[in-house]
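Here's the structure we're looking at; comments come further down.
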Protein chains: 2
Amino acid sequence: MSAIAAALGVSAATVSNALSGKGRVSPELVQRVRAKAAEVGYVPSLAARALRTGRTGVLGLVLPDISNPLFPQIAQAIENAAANVGYGVLIADSRGDIATQTEAINRLIERGIDGMLIVPRRGTRISDVGCPVAVLDTPSTPGNTVSADHWDGGMQVGRYLASLGHRKVLIIGRSPTSNVQSDRIGGVKCGLGSEVECDTLWSEKVEEIYGPNCMLGLAERAAQGFTAFAALSDLLALRALTELQHAGISVPDMVSVSGFDDSIWSSVVSPSLTTVRQDMATVADLAIAALMRVIEADADADDANAAKVTSDPDRVPMQLLVRQSTGAPKTAVPGAGAFHPHAHHPNNSTAGEVKQ
Amino acid sequence: MSAIAAALGVSAATVSNALSGKGRVSPELVQRVRAKAAEVGYVPSLAARALRTGRTGVLGLVLPDISNPLFPQIAQAIENAAANVGYGVLIADSRGDIATQTEAINRLIERGIDGMLIVPRRGTRISDVGCPVAVLDTPSTPGNTVSADHWDGGMQVGRYLASLGHRKVLIIGRSPTSNVQSDRIGGVKCGLGSEVECDTLWSEKVEEIYGPNCMLGLAERAAQGFTAFAALSDLLALRALTELQHAGISVPDMVSVSGFDDSIWSSVVSPSLTTVRQDMATVADLAIAALMRVIEADADADDANAAKVTSDPDRVPMQLLVRQSTGAPKTAVPGAGAFHPHAHHPNNSTAGEVKQ
DNA sequence: CATCTCTGCTTAAACGTTTAAGCAGAATAG
DNA sequence: CTATTCTGCTTAAACGTTTAAGCAGAGATG
């Protein structure tokens, strides 16, 4: 920067003003400064700027468990949204347990981040940290900033299954302690309506008895008359799908399976999984925007009032993707099949038909 | 920091020396400074330090495609290894295309990172960037720094399948342009030996004709006498598994399926997938260690000689995880079943038996 | 006793920005 | 013609560290 100043015979302050457009600089000089800066390949020192302004231009992303298959989507969306407003993203993995989560948060703060995005471990509440925070969980979580409308997503699944004619549905969740899963369940039940018999299976409970990754006993459930298995995540849906197939139960001919999240594998398995997609890009954009508002506000009036993003929690609609793993039950009432548009063609390469 | 200095009646420089252990400070004073620092909750300004020393304590992680299901493992391992040596990790997603990759790299550099870890998009070579770089690809890639020994992993799969008695094996890859996949194929073929008939199927080629996520025609292959399907990734293995099951072909009773990478779902599907795991933690540790060496060296003699990490590329062994998706072919020669220890029990909850 | 070395600290400069304050000249107003 | 305002720039301080250089006193050495 001083090189530019020297080359043009002006002061460094003027160059700074010219580039930032802050002070009073003649338009003509601004041009020359810009040109010179481009010529010498000037890149401002973020460190110096951070030192002076107290803002680093970096956000922290705290994830409950990086091995979460949804993580790539989240990280990509957040990174993208942050980059669009000129911010970098520092990742922190809390590897499941709460202590590590706290430690990770502290590490981020020591690094001098301007704000934080937290996808909280299920069940944890984020205590006040010393910087703007956006929480990405589910609308019903207190302190949540923005998230997909999991309840609504569940409702779409419920309504869809009911409309296909299913009258006995098994909801498969992992753990009742997850707010996200609770919301999804509420939605599914609501969407199914009161006419549909419906039971919930928690994989964690089953695993307590039979060990991790055990079978869930779905073949038996099918024998009991359940015709649809609404899993609360694609991982569970995949587990259900393969378990049923492995037991010789054909999907969707004999029973239907649906998932959540549109994970990477949901479209490549056979039959491809009907699922509900979160619009991560929008969630990320809203989260970043909310953070930016707080950061700006903090910069203006830096009394330590607004540590938490509190705009009324945005809920982003989810999108039902109807694929091949769902269909009318064998005993379906004729005429109820408005939602069953796809013949199950062996080489049906459709990535997913979108409802609505 | 100046507060500590004032409170103890010494200069700020002395406090700095005391905390860093650099200059000459009496042990007794060091104690008092440490105590005071803890008392007032002193956290050093990374920005100021970065400005002064030119080192930010941040590494960049460039990923080819964040939606890669292996990404969580990589990111977690890298973040962990970096945190252990006091570094933060800034992520950059190159969303597949090369232009974005270059742009992402530049963004990182402008942020003033000390070094970079790149998992290159298949086929791309990393040109000289202006900072230390570690490339994580596969040993046969020129410029590779450290990676799992994919060739060896392939060999383990090949040998294992051959030992089970398979004599006609289909290798399923995505694209011949991937160095990782090439190495894996080489290993598999080598491990199978010359007695085994073996063909390779590229999913990308099939998809060019039938569209994305189409079926791969594996039932037909099974009819042709292929008894084992060695996929080069767990995603392909999953695709194979479900496609076969969906066609009514039982795994592993009729044919075997194996994958690579021990992805999140490989242990929960039925039957659980035999796969080969990369020791990401070790890869990450080695990569970080290599980066540290270059960064240190750069700091000492800062002539711009060593921009690339060039320790002879480390190759980390892979580990075959034998699960339920592989077994002896129906026509297996009796006595060849040394590798088939597990009865296929419906509720077999084994997460994976480890060979060797 | 004079000189040298070592110890434990201080002083001061530097890193590269931003930004408040100031100042000379030109334009405008009375 | 003087007083005011505006314009376009400069000066200087500040952000919080690190680190080279310096310096006074204590102990060792000749």
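Each chain gets a letter, A, B and so on, in the order its sequence line appears, and its residues count up from 1.
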Review point. The side chain of B/Arg24 lies closest to which of these nucleotides: D/dT17, C/dG8, D/dT11?
Key: C/dG8
Check your understanding: Does a side-chain N-to-carboxylate-O contact under 4.0 Å join B/Glu110 and B/Arg107?
Key -> no
**Study point:** Comparing B/Gly9 and A/Ser2 on DNA chain C - which has the more 5′ nearest nucleotide
**Key:** B/Gly9
Check your understanding: Given that B/Glu28 and A/Thr53 both sit by DNA chain C, which one's nearest nucleotide is further toward the 5' end?
Key -> B/Glu28
Practice item. Ignoring hydrogens and angles, tell me if any N or O in the side chain of A/Asn144 forms a donor-acceptor pair with the backbone of A/Asp137 under 3.5 Å. Key: yes
Review point. Does B/Lys22 place a side-chain N or O at less than 4.0 Å from the phosphate oxygens OP1/OP2 of D/dT18?
Key: no
Review point. Atom CE of A/Met1 and atom P of C/dT17: how far apart are they, to the nearest Å?
Key: 5 Å
Check your understanding: What is the nucleic acid contact for A/Ser45, judged by heavy atoms within less than 4.0 Å: base, sugar-phosphate only, or nothing?
Key -> sugar-phosphate
Exercise for review: Would you indicate what A/Leu46 reaches in the nucleic acid, counting non-hydrogen atoms under 4.0 angstrom: base, sugar-phosphate, or nothing?
Suggested key: nothing
Practice item. Measure from CZ on B/Arg49 to C1' on C/dG16 and round the result to the nearest Å. Key: 18 Å
Exercise for review: From the options C/dT10, D/dG16, C/dC9, select the nucleotide whose nearest atom is closest to the side chain of B/Ser26.
Suggested key: C/dC9
Review point. Distance check: side-chain N/O of A/Thr14 vs OP1/OP2 of D/dC9, anything under 4.0 Å?
Key: no
Point to revise | For atom CG of A/Leu8 and atom P of D/dC9, their distance in whole Å | key: 11 Å
Review point. How long is the line joining CG of B/Asn17 and C1' of D/dT18, in whole Å?
Key: 8 Å
Check your understanding: Starting at CD of A/Glu110 and ending at C1' of D/dT17, how long is that distance when rounded to a whole Å?
Key -> 16 Å
Practice item. Could you tell me whether the phosphate oxygens of D/dT18, OP1 or OP2, come under 4.0 Å of any side-chain nitrogen or oxygen in B/Ser16? Key: yes
Check your understanding: CG of B/Leu29 versus C1' of C/dC9: gap in Å, rounded?
Key -> 9 Å
Exercise for review: Identify the residue among B/Leu108, B/Thr102, B/Val119, B/Leu117 that makes a side-chain contact (heavy atoms from CB on, under 4.5 Å) with B/Val62.
Suggested key: B/Leu108
Review point. Given D/dC9, C/dG16, D/dT11, which nucleotide is nearest the side-chain atoms of A/Ala13?
Key: D/dT11
Check your understanding: Rounded to the Å, how far apart are B/Arg32 CZ and C/dG8 C1'?
Key -> 13 Å
Practice item. Verify, without hydrogens or angle tests, whether B/Asn17 (side chain) and B/Lys22 (backbone) share a donor-acceptor contact under 3.5 angstrom. Key: no
Review point. Checking all strands, does A/Val43 fall into the base, sugar-phosphate, or nothing category for heavy-atom contacts under 4.0 angstrom?
Key: sugar-phosphate
Point to revise | Separation of atom OH in B/Tyr42 from atom P in D/dT18, rounded to whole Å | key: 6 Å
**Study point:** Distance below 4.0 Å between A/Ser11 side-chain N/O and D/dT10 OP1 or OP2
**Key:** yes
Review point. Do B/Lys36 and B/Glu39 sit within salt-bridge range, that is, some charged N less than 4.0 Å from a carboxylate O?
Key: yes
